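Since the model is a prediction, treat every value here as computed from it, not as a measurement.
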Amino acid sequence: MKYDFAKVEQKWQRIWDEKKVFAASNDYTKPKYYVLVEFPYPSGQGLHVGHPRSYTALDIVARKRRLEGYNVLYPMGWDAFGLPTENYAIKNHIHPEIVTRQNVERFKSQLKGLGLSFDWDREVNTTDPAYYRWTQWIFLQLFKKGLAYKKEMSVNWCTGCKVVLANEEVVNGVCERCGSDVVHKVKSQWMLKITEYAQRLIDDLDTVNYIDRVSTSQRNWIGRSTGAQVDFQTTAGDVLTVFTTRPDTLFGATYMVISPEHPYIEKWADRIQNMDAVRSYQEESARKSDFERTELAKDKTGVKLEGVMGINPVNNTEIPIFISDYVLMTYGTGAIMAVPAHDTRDWEFAKKFGLPIIEVVKGGNVQEEAFTDCATGILVNSGFLDGLSVEEAKTRMIDWLSENKKGEPKVNYKLRDWVFARQRYWGEPIPIIHCDHCGYVPLDESELPLKLPEVESYEPTGDGDSPLAAIDSWVNVTCPKCGAPAKRETDTMPQWAGSSWYFLRYCDPDNANALAAKEALDYWMPVDWYNGGMEHTTLHLLYSRFWNKFLYDIGVVSTPEPYAKRTSHGMILGENGEKMSKSRGNVVNPDDIVREFGADTLRLYEMFIGDFEKSAPWSQSSIKGCKRFLDRIYNLLEIVQEGDSYSSALEGSFHKTIKKVTEDIEVLKFNTAIAAMMSLLNEISNQGAVTRAELKTLLLLLNPFAPHLTEEMWERAQFGGMITEQSWPKFDESKCKDAQVEIAVQVSGRIKARIMVDADSTDSELLEAAKSCPEVAALIEGKTVVKEIVVKGKLVNIVVK
RNA sequence: GCCGGUAUGGCGAAAUUGGCAUACGCACUUGACUCAAAAUCAAGCGAUGAAUAAUCAUGUCGGUUCGAGUCCGACUACCGGCACCA
């Protein structure tokens, strides 16, 4: 009997669709479960085999939860604003909206062909005005609470294309497209104060269940460090403030460094005697990308400021001030005190410029390398700190600084505020009007959505503004406050905006009065299980946590955290072990696999390919194994026998397999769950028969993985109803154990025999049985038994001399 | 340079978290069926061995332990991320 997967898969996809089998119910009295996968950017290339890995995994979870009786929400949508669509539109003179619609259609039909149990009634699209109306609304709330502000920021400016470039578009300091030099250009940009939430974003990681590497990455990214701010008087008569995590080493500060962008350079311009050298160094740094500044880390560069000296507050020593690009304006105060004896970077710089290295923490050889160990060092050459440990000295110094008004304790974060503006067309317009009299005035909420206007060309204007700036009728408005002529903001929001709250919209996607009804949010939120790529750990995941917290603060949502659980999948690589990409020519199109082997086989293979959390190379030949397994399952219909219970020979195996599959799905071990079902099938094949009860269980276990095949077999076996309406099988713990187990017998740690024993044998019975097997008896004969180790159900080890 | 991850048969990978290394699958070999091939079914399959003997095998070197893929220390290679974080 041949299994016609193409016909069967289409048949069930149609039935599921018609019957709305996977629609989440709005009955808020039922236990709920919200399963979420990151919604895709609908690119022109269509679906990639990487997408279904995450979608299938959580589809398995969603289907299992439904069988377990939950009201499940498993939605899908489109994160459709973004650069590639816009660039395509520019090139082909097609409206990005049309491109987006075509791409979405393609993605949607591809996803439907995989039998994913999404609730398509709740589909969202970030480019839909009915959706971005609420993205804009959230921005207005942020603005009203003072969390959105304007700041001069440097952007990548392509000297050839005359446009602002994304970091991604800058390759080795030149424009990816035209190869022209990219320079930094200062532009006033909208920013969001995510830093205000830094501490809460760290603290609340303790209240959620994220896999370790995700919470670790977030903590490192936010990068809290405690230290002190120290004020250095300068010979220019002003105060230069630095941030340090090592206030204990203040006596060892032998010079200072400020970032090339530091505002004091202009302030001191008259005093600095070597301004030409300083200027050229500034220019040189401006040309370097941040990446280059870190790349060239080994070779420190810098220029000494001639004419201004810093004064170390603890001993009033005058020390030189340098500018160097190893100090970043974006962290701390943009200025540091350099302690070459106890900081690796300062040490390298001091060696190169011949600066003194003063040891203030004993424990290493500071002429050879910086001694940075905080745990063991003891303070020396440090006046009132001498003899203290590093930790004691830190506290003492901070106290001293506070008492003498020369500094204060300070917590710093690596996290920087979020640049929330793009000089592009294909994004949400920022609903702000600039009035010369009233400043930045928010658009009235009744005017939302502020729709993207039609434009002739999607090219940014030559002076770095978005194409919106060229539409006078759109830009020129009257101030909502005073009625004077005013101008709209022409920058648009970054792609991250729409994805920072989409999980809320799924709860109530058609609501026209709010981003979602409060009852819907109260019922569905938080997301119970969110899976996505590691590449989104520090940006999307953090941004959306920030927005959710803000919405929590203003009473829109009721949970301080959006996601109760976060997991992450590994990448699917090309057959050659490299990342799949068009340029490498190793891309696999899921459509081809579905056509040749069927969606169930593709799903099963992607789950069987290896550890879900690790990357795995694609293998065309291995797919066959999964196809073969499904065909063998289908053939069970030919050997099915009457029987409403498990056969005695297979009862234990069934209970064990139910347990294994049930538990493995919860910990993302889909590969071993499948292996367990394969083993069970092998056992059934050896028996040559399967009872109806056994087939039922096996189909239910396999259903989340291979939904079409199991639905079809359920119908053919006339089990009644649809398999999607049944309950997840249960196992009996007591029946998962074998009566007899094989244990290994070692002599001095080497395996010499294997014996079958009763599973509940006592230690002394095991030892007795071990000693009585001939191979072992011969080896311990006449020797002294030094030690006897018995591990129940596993082994006996007899150590002899 | 910093951070994170990984390393097990010809290949993808398992290993109940310190207790029988290589489950499950792919590839391969042999056999059955067939005029033949494909498909299917059965058997074998870490290395050196004639061997069911023995020895060696989880990136390298060392350590802890009765016992290490798993723990500790040092290193190597590859992959990913990065904002020199003071």
Side-chain angles (χ1 to χ4, degrees), chain A residues 2 167 212-213 216-217 220-221 223-225 227 242-246 249 253 256-257 289-291 293-300 324-328 330-339 342-346 348-349 372 412-416 534-535 537-538 570-571 573 575 577-579 604-605 608-611 613-626 628-629 631-632 635 660 663 669 671-682 685-686 742-751 753-754 786-800:
Chain A
K2 188 100 170 71
N167 285 336
D212 287 345
R213 58 199 170 119
T216 305
S217 295
N220 289 345
W221 186 263
R224 181 195 151 97
S225 55
V242 303
F243 172 73
T244 177
T245 54
R246 294 291 305 274
T249 62
M256 300 178 82
V257 186
S289 67
D290 282 355
F291 183 70
R293 277 169 75 154
T294 57
E295 263 280 272
L296 301 168
K298 293 143 248 172
D299 192 22
K300 295 280 183 290
S324 171
D325 58 12
Y326 83 94
V327 171
L328 303 180
T330 47
Y331 184 76
T333 61
I336 63 158
M337 62 175 214
V339 184
H342 305 291
D343 181 282
T344 311
R345 294 172 309 263
D346 297 346
E348 284 166 10
F349 191 88
T372 57
N412 250 346
Y413 299 93
K414 285 191 218 173
L415 185 69
R416 301 201 290 244
M534 275 311 280
E535 69 274 21
T537 303
T538 48
M571 230 188 303
L573 306 171
E575 203 132 14
E578 291 175 358
K579 196 172 163 174
L604 198 74
Y605 172 65
F608 190 58
I609 195 166
D611 187 334
E613 302 196 87
K614 292 185 193 140
S615 58
W618 186 263
S619 163
Q620 197 70 20
S621 63
S622 295
I623 301 171
K624 272 193 278 182
C626 293
R628 214 173 274 165
F629 168 69
D631 285 340
R632 287 176 64 205
N635 289 334
K660 180 86 180 141
E663 293 173 355
K669 300 186 103 180
N671 52 341
T672 49
I674 294 168
M677 290 188 278
M678 286 173 166
S679 296
L680 182 61
L681 175 64
N682 289 344
S685 298
N686 291 339
E742 190 189 65
I743 66 162
V745 182
Q746 299 181 332
V747 177
S748 297
R750 294 207 164 256
I751 291 164
R754 295 169 213 277
V786 184
K787 204 166 182 179
E788 290 164 336
I789 293 125
V790 181
V791 184
K792 241 182 161 185
K794 297 272 160 58
L795 59 61
V796 173
N797 185 9
I798 299 162
V799 186
V800 294

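B:A47 and B:A51 have their P atoms separated by 12 Å, given to the nearest Å. To the nearest whole angstrom, the two P atoms, one in B:G81 and one in B:G10, are 31 Å apart. Taking the C1' atoms as reference points, B:C26 lies 24 Å from B:G59, given to the whole Å. Nucleotides B:A32 and B:C20 place their C1' atoms 34 Å apart, quoted to the nearest Å. On the P atoms, B:C66 is 39 Å away from B:G44, given to the nearest whole Å. Separating the C1' atom of B:A39 from that of B:A54 is a span of 43 Å, rounded to the nearest Å. Comparing B:G63 with B:A13, their C1' atoms are spaced 30 Å from each other, to the whole Å. The P atoms of B:U55 and B:C41 are separated by 39 Å, rounded to the nearest whole Å.
A:Phe608 places none of its side-chain heavy atoms less than 4.5 Å from the side chain of A:Ser622. A 4.5 Å side-chain heavy-atom check between A:Met337 and A:Thr249 finds at least one atom pair inside the cut-off. Between A:Asn682 and A:Arg632, the closest side-chain pair of non-hydrogen atoms falls below 4.5 Å. For the pair A:Val339 and A:Arg246, the minimum side-chain heavy-atom distance is 4.5 Å or more.
Out of B:A86, B:C20, B:C24, the shortest distance to the side chain of A:Thr245 is found at B:A86. When the nucleotides B:G19, B:A86, B:A83 are ranked by their closest atom to the side chain of A:Trp221, B:A83 comes out on top. Considering only side-chain atoms of A:Asn220, the nucleotide from B:A83, B:C24, B:C3 that sits closest is B:C3. The side chain of A:Leu328 lies closest to B:A83 when the candidates are B:A83, B:C20, B:U16. Counting only heavy atoms from C-beta on, A:Arg416 has its side chain closest to B:A83 among B:C24, B:A86, B:A83.
Atoms CZ and CE, on A:Arg628 and A:Met678 in that order, are 10.5 Å from each other to the nearest 0.5 Å. A distance of 8.0 Å separates CZ in A:Arg213 from OG1 in A:Thr537, rounded to the nearest 0.5 Å. Atom CD1 of A:Ile609 is separated from atom OG of A:Ser615 by 9.5 Å, given to the nearest 0.5 angstrom. A:Ile798 CD1 to A:Lys787 NZ: the interatomic distance, rounded to the nearest 0.5 Å, is 14.0 Å. Considering CD1 of A:Ile674 and CG of A:Leu681, their distance stands at 13.0 Å, rounded to 0.5 Å.
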Restricting to nitrogen or oxygen on both sides, can you table the protein-nucleotides 63-66 of chain B pairs closer than 3.5 Å?
| from | atom 1 | to | atom 2 | distance (Å) |
| --- | --- | --- | --- | --- |
| B:C66 | OP1 | A:Lys787 | NZ | 3.4 |
| B:C66 | O2 | A:Asn797 | ND2 | 2.4 |

Protein and nucleotides 56-58 of chain B: nitrogen or oxygen contacts under 3.5 angstrom:
| from | atom 1 | to | atom 2 | distance (Å) |
| --- | --- | --- | --- | --- |
| B:C56 | OP2 | A:Arg750 | NH2 | 3.4 |

Between the protein and nucleotides 10-14 of chain B, list the N/O to N/O atom pairs that are separated by less than 3.5 angstrom.
| from | atom 1 | to | atom 2 | distance (Å) |
| --- | --- | --- | --- | --- |
| B:G12 | O2' | A:Ile609 | O | 2.6 |
| B:A14 | OP1 | A:Asp611 | N | 3.4 |
| B:A14 | OP1 | A:Asn671 | ND2 | 2.9 |

N/O contacts under 3.5 Å, protein versus nucleotides 37-43 of chain B?
| from | atom 1 | to | atom 2 | distance (Å) |
| --- | --- | --- | --- | --- |
| B:U40 | OP1 | A:Arg628 | NE | 3.4 |

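When all heavy atoms are compared, the tightest approach of A:Thr538 to A:Ser217 is CG2-O, 4.0 Å. Shown here for A:Asn671 and A:Gly610, the closest heavy-atom pair between the two residues is ND2-C, 3.5 Å. Heavy-atom minimum distance, A:Gly334 versus A:Val327: O-CG1, 3.5 Å.
Here B:A21 presents its C1' atom at 14 Å from CG of A:Leu795, a figure rounded to the nearest Å. Between the CG atom of A:Leu681 and the C1' atom of B:G25 there is a distance of 13 Å, rounded to whole Å. For A:Ile743 and B:G19, the CD1 to P distance is 15 Å, given to the nearest whole Å. If you measure from atom CG of A:Asp325 to atom C1' of B:A86, you get 15 Å, rounded to the nearest angstrom. One atom, CG of A:Asp212, and another, C1' of B:U17, lie 15 Å apart when rounded to the nearest Å. Across the protein-nucleic acid pair, A:Asp346 atom CG and B:G1 atom C1' stand 15 Å apart, rounded to whole Å. Rounded to an integer number of Å, the gap from A:Lys660 NZ to B:U16 P is 9 Å. One interatomic measurement links the two molecules: CZ of A:Arg224 to P of B:A86, which rounds to 13 Å at whole-angstrom precision.
In this structure, B:U17 is classed as syn because its glycosidic torsion stays within 90° of zero. Against the 90° criterion about 0, the sugar-base torsion of B:G80 places it in the anti range. Base orientation at B:G67 is anti, since its O4'-C1' glycosidic dihedral falls outside 90° of 0.
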Determine, step by step, whether A:Phe629 and A:Tyr605 satisfy the side chain to side chain contact (heavy atoms under 4.5 Å, CB included) criterion, reporting the C-alpha distance in whole Å, the side-chain angles of both residues, the deciding distance to 0.1 Å, and the verdict.
CA-CA 11 Å; A:Phe629 168 69; A:Tyr605 172 65; over 6 Å; no
Full working for side chain to side chain contact (heavy atoms under 4.5 Å, CB included) between A:Asp346 and A:Ile336:
CA-CA 10 Å; A:Asp346 297 346; A:Ile336 63 158; 3.6 Å; yes
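Under the side chain to side chain donor-acceptor pair (under 3.5 Å) criterion, A:Thr672 pairs with A:Asp664, not counting sequence neighbours.
At the heavy-atom level, A:Glu788 lies nowhere under 4.0 Å from the strands shown. Contacts of A:Asn682 with the nucleic acid, taken as non-hydrogen atoms under 4.0 Å apart, involve only primed sugar atoms and P, OP1 or OP2.
Aromatic ring pairs are classed by plane angle as parallel below 30°, tilted from 30° to 60° and perpendicular above 60°; the pair A:Phe349 and A:Tyr326 is tilted.
For the side-chain contact (heavy atoms from CB on, under 4.5 Å) with A:Lys794, the lone residue among A:Val790, A:Val791, A:Val796 that qualifies is A:Val791.
Residue A:Arg213 is the one, among A:Arg213 and A:Tyr413, whose nearest nucleotide of RNA chain B lies closer to the 5' end (criterion: closest heavy atom).
In A:Asn686, the CG atom is crowded: over 12 heavy atoms of neighbouring residues, nucleotides or ligands sit closer than 6.0 Å.
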Dot-bracket line, read 5' to 3' along RNA chain B, where crossing pairs take [ ] and | marks a partner on another strand, Watson-Crick or G-U under 3.5 Å
(((((((..(((......[....))).(((((.......))))).(((.....)))..(((((..]....))))))))))))....
